[in-house]
Amino acid sequence: QVQLVESGGRLVQAGGSLRLSCAASGRTFSSYVMGWFRQAPGKEREFVAAINWSGSSIYYANSVKGRFTISRDNAKNTVYLQMNSLKPEDTAVYYCASRASPIVAVSTTQYNYWGQGTQVTVSS
């Protein structure tokens, strides 16, 4: 069992930056793929970024590529999402998720555990 707790979401102006954190519990964190997803009001949850255990395999959604950076610290059981050059369309609830597999994936159905989410609001 893995429990995930996100933090760091808040209101920020367009062009600003935020760093989200996701603290995980569970002995196998270091072997799990970790991902970030987001869900805007009235829209489906969508993939943002994912990282394998070593950081050697990282995927980004095209909409955030070049602006967001995912990273992880296995010693701290924490995954991060650094978000720069934020846009109003980045406004959403951001969810951390873990996948009991070493293979990075981009579909919500391929992740086993989810956090409760943290709200990110970008004002124009």
Side-chain angles (χ1 to χ4, degrees):
Q1 188 79 7
V2 176
Q3 293 183 329
L4 306 172
V5 180
E6 303 96 333
S7 62
R10 62 176 175 86
L11 173 65
V12 64
Q13 289 189 332
S17 297
L18 278 179
R19 188 177 82 157
L20 305 183
S21 299
C22 172
S25 62
R27 296 180 300 170
T28 57
F29 171 82
S30 62
S31 64
Y32 279 30
V33 164
M34 300 299 297
W36 286 98
F37 292 76
R38 67 186 182 186
Q39 188 166 18
K43 295 188 177 181
E44 293 188 353
R45 193 169 299 187
E46 65 175 6
F47 171 77
V48 175
I51 185 169
N52 72 338
W53 71 275
S54 67
S56 62
S57 180
I58 293 176
Y59 288 3
Y60 293 102
N62 287 335
S63 58
V64 306
K65 201 171 293 183
R67 299 187 298 123
F68 291 11
T69 302
I70 188 171
S71 62
R72 66 190 294 166
D73 185 337
N74 290 335
K76 296 182 178 179
N77 283 4
T78 302
V79 63
Y80 305 98
L81 185 69
Q82 177 67 43
M83 305 187 294
N84 299 328
S85 302
L86 283 161
K87 306 174 181 179
E89 51 263 44
D90 294 319
T91 295
V93 176
Y94 282 71
Y95 296 92
C96 174
S98 66
R99 169 173 158 80
S101 166
I103 308 300
V104 175
V106 302
S107 172
T108 58
T109 60
Q110 295 171 300
Y111 284 77
N112 306 95
Y113 303 101
W114 292 84
Q116 293 300 306
T118 185
Q119 176 70 48
V120 172
T121 304
V122 184
S123 63
S124 57

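Quick note: residue numbers are just sequence positions, from 1. When reading the values below, keep in mind they use all heavy atoms of this one structure, side chains included, and skip hydrogens, waters and symmetry mates.
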### Task
Look at the rings of W114 and Y95 and say which category their plane angle falls in: under 30° parallel, 30 to 60° tilted, over 60° perpendicular.
perpendicular
## Note on the structure
One should read off an interatomic distance between Y94 OH and M83 CE, to the nearest 0.5 angstrom, of 5.0 Å
### Summary
Sorted by chain and number, sequence neighbours left out, ring-ring contact (aromatic ring centres under 6.0 Å, His included) with Y111 holds for F37
### Query
Would you say the side chain of V104 lies within less than 4.5 Å of the side chain of W53, judging by non-hydrogen atoms?
no
### Query
By salt bridge (Lys or Arg N to Asp or Glu O under 4.0 Å), which residues pair with E89, not counting sequence neighbours?
none
#### Entry: Any donor-acceptor N/O pair, S63 side chain to A61 backbone, under 3.5 Å
no
### Query
Could you give the distance from OG (S21) to CG (L81), rounded to the nearest 0.5 Å?
9.5 Å
### Query
How many angstroms lie between atom OG of S98 and atom CE of M34, to the nearest 0.5 angstrom?
5.0 Å
### N/O donor-acceptor pair under 3.5 Å between N74 side chain and N77 backbone
no
### Query
Sequence neighbours excluded, which residues qualify as salt bridge (Lys or Arg N to Asp or Glu O under 4.0 Å) partners of R67?
D90
### Query
Within 45° of the ring axis of Y80 and under 6.0 Å from its six-membered ring centre, is that where the NZ or CZ of R72 lies?
no
### Query
disulfide bond (SG atoms under 2.5 Å apart): which pairs involve residues 34-68, sequence neighbours left out?
none
Using residues 3-12 as the side-chain source, report each donor-acceptor pair under 3.5 Å to any protein atom, sequence neighbours left out, with the distance given to one decimal.
unit_1: E6; atom_1: OE1; unit_2: Q116; atom_2: N; d: 3.1
unit_1: E6; atom_1: OE1; unit_2: G117; atom_2: N; d: 2.9
unit_1: E6; atom_1: OE2; unit_2: C96; atom_2: N; d: 2.8
unit_1: E6; atom_1: OE2; unit_2: G117; atom_2: N; d: 3.2

### Task
Any chance you could measure Q39, atom CD, to T108, atom OG1, to the nearest 0.5 Å?
9.5 Å
### Task
Using modelled atom types only, decide if a donor and an acceptor are shared between the side chain of N112 and the backbone of A100 within a distance under 3.5 Å.
yes
### disulfide bond (SG atoms under 2.5 Å apart) contacts touching residues 41-82 (sequence neighbours left out)
none
### Query
Can a donor-acceptor pair be found between the side chains of S17 and N84 at a distance below 3.5 Å?
yes
### Query
How long is the gap from OG1 on T78 to CG on L20, to the nearest 0.5 Å?
12.5 Å
### Residue that, paired with I70, satisfies side-chain contact (heavy atoms from CB on, under 4.5 Å) out of I58, V48, V64
I58
### Message
Can you confirm whether Y59 is buried at OH, in the sense that more than 12 heavy atoms of other residues, nucleotides or ligands lie under 6.0 Å from that atom?
### Response
no
### Task
Determine whether W36 and Y60 fall in the same hydrophobic cluster, where Ile, Leu, Val, Met, Phe, Trp and Tyr are linked whenever their side-chain heavy atoms lie under 4.5 Å apart.
yes
### Query
Does R38 reach the main-chain N or O of V93 with its side chain, forming a donor-acceptor pair under 3.5 Å?
no
